[in-house]
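Have a look at the structure below, then the notes.
Note that this is a predicted model, so its numbers are computed, not measured. Convention: sequence-line order gives letters A, B, ...; per-chain numbering from 1.
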2 protein chains.
Amino acid sequence: MVRRTKAEAEQTREQILDAAEAVFLERGVARASLEEIAQVAGVTRGAVYWHFRNKADLFDAMYCRVHLPMQDLFDQVMTLADGGAVEALKAFCAQSLQCLATNSRRQRVYTILFHRCEFVDGLRESNNRLVAIRDSWLGSMEDLFRREQSLGRLTDVCPRLAAITIHTAMIGIYFDYLRSPHTYDLPAEAPRLIDLVFRCVD
Amino acid sequence: MVRRTKAEAEQTREQILDAAEAVFLERGVARASLEEIAQVAGVTRGAVYWHFRNKADLFDAMYCRVHLPMQDLFDQVMTLADGGAVEALKAFCAQSLQCLATNSRRQRVYTILFHRCEFVDGLRESNNRLVAIRDSWLGSMEDLFRREQSLGRLTDVCPRLAAITIHTAMIGIYFDYLRSPHTYDLPAEAPRLIDLVFRCVD
DNA sequence: TACTACATACATTCGCGTTTGTTTGCCATT
DNA sequence: AATGGCAAACAAACGCGAATGTATGTAGTA
């Protein structure tokens, strides 16, 4: 069986990405072999090298699959300029955690990002892109808090520090939850956690 | 030159640990070879295998070198039972960040822990130990907040959630700072950051 | 027919764990 | 106080597997 139709080829690509998630999660990105990924996907390394240049390219594609929808949602939240911006941000954070707790793909991919990869060698550029996303999100949140201040709210906290606090708080929850998910009941605790976190910018 | 005195052997051990820090940081733990570590330390792999069983053992020793002093300090802070416990915890957190910003060894080791290693295969047991430390610290902080409640403070927040919030906030700051240190002025911002974080348990 | 979408084969590199060899510090014995 | 033996503290060599990138083969499709 060779030379599938375009749709079949796209399906093969998705199978390889699914396999990459599983193998990265189990072995870690560095020790994961493209051979094993191919086997899990039911193909050979030839197929992997056809769809992706190398392991780093595969990694990027895997990450994009879960990041792009979230990026869209974030942009949507940030562009609303009315008074309830902080509440909208808060809702976004809560929903993000809820999604993390229920969507197993997001769970796998973010576990890989936080606990199963080393950003050196081939993944240096991937890391640069992640840092750029961080800077962008941080900047957007800082702008949000600055706008809030111009409306007379939050007069006693620096917008940048507020943004950093919220950002690092979310990072910390992601990191800690994905390290030991069984110690959390995230669907139940997420709202109260977010409430606590946002008390510092209230 | 073989068979050094005990003091010289201990110095060799320290040199190997120093080299491991440097190589782990540059290549990541998985892609770091014991050969390169030995070279940087000015010895051969024979010396490395004499002092450590394997890479994971070397990793553990490297981590212990920075963790044990901090653990002592934490225990000291937690055992004081008077009324200023939260303030003491707050001071500990601030000092922890200050130390991270100024102590280059701590910076290297925690950068490795957060961004340069995959906790799979040989590092699974190391990870278990890290999780055990987390559980212990979290438990201590929960006890602290519970004691605080029995004194009539913080009556509106769950002690466990308060502990999780502080813990994840610190984790997040560590993670984010070590990912892009140049975007922070940690010595200057640490106190204000900690102030903001602790507003949610005040 | 030309190109896509793979499979197969090849060459090379690299790192690990172990084993063996060597020299010297240290301690018991006389 | 001298000495002999043992083990510490490494160095050097061996054997092995495993993974990567590329090059080539091949069948179906448009």
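The CD atom of A/Gln11 sits 14 Å away from the C1' atom of C/dA5 (whole-angstrom rounding). In this structure, A/Glu10 atom CD and C/dT4 atom P are separated by 16 Å, rounded to whole Å. When rounded to the nearest whole Å, the span between NZ of B/Lys6 and C1' of C/dT24 equals 14 Å. Here the P atom of nucleotide C/dC6 and the CD atom of A/Glu35 are 16 Å apart, to the nearest Å. When the C1' atom of C/dC16 is taken as reference, atom CG of B/Asp121 falls 13 Å away, rounded to whole Å. Atom C1' of nucleotide D/dA19 and atom CD of A/Gln39 are separated by 13 Å, given to the nearest angstrom. To the nearest angstrom, P of C/dC16 lies 15 Å from CZ of B/Phe52. Per the geometry, CG belonging to B/Leu123 stands 12 Å off P belonging to C/dC16, to the nearest Å.
Taking every side-chain heavy atom of B/Lys55 into account, C/dC16 is the closest of D/dG21, C/dA7, C/dC16. Side-chain proximity of B/Thr5 to C/dC16, D/dG21, C/dC26: nearest is C/dC26. Among the nucleotides C/dC6, D/dT20, C/dG17, the one closest to the side chain of B/Tyr49 is C/dG17.
Taking 4.0 angstrom as the limit, B/His51 places none of its side-chain polar atoms (N or O) nearer than this to OP1 or OP2 of D/dA9. Proximity of B/Ser33 to the phosphate of C/dC14: no side-chain N or O atom is located under 4.0 Å from OP1 or OP2. Applying the 4.0 Å criterion to OP1 and OP2 of D/dC10, one finds that B/Trp50 has every side-chain N and O outside that range. Residue A/Thr12 places none of its side-chain N or O atoms closer than 4.0 Å to OP1 or OP2 of C/dA5.
Side-chain N/O atoms of A/Arg134 and B/Thr183 include a donor and acceptor closer than 3.5 Å.
Of the two residues near DNA chain D, B/Arg13 and B/Arg45, the one whose nearest nucleotide lies more 5' is B/Arg13.
Counting only heavy atoms from C-beta outward, the side chains of A/Asp156 and B/Arg199 approach each other to under 4.5 Å.
Residue contacts for A/Thr44: at a heavy-atom cut-off of 4.0 Å it reaches a base atom on one of the strands shown. Contact annotation for B/Ala32: backbone-only contact, meaning every heavy-atom pair under 4.0 Å involves sugar-phosphate atoms and none involves a base.
We find the CG-CE distance between A/Asp176 and B/Met170 to be 13.0 Å, quoted to the nearest 0.5 Å.
For the ring pair (Phe, Tyr, Trp, His ring centres under 6.0 Å) test with A/Tyr110, the passing option among A/Tyr177, A/Phe24, A/Tyr174 is A/Tyr174; the others fail.
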Could you give me the CA-CA distance, side-chain angles and deciding distance for A/Phe59 and A/Phe52, then say whether ring pair (Phe, Tyr, Trp, His ring centres under 6.0 Å) is met?
-> CA-CA 9 Å; A/Phe59 176 86; A/Phe52 308 95; over 10 Å; no

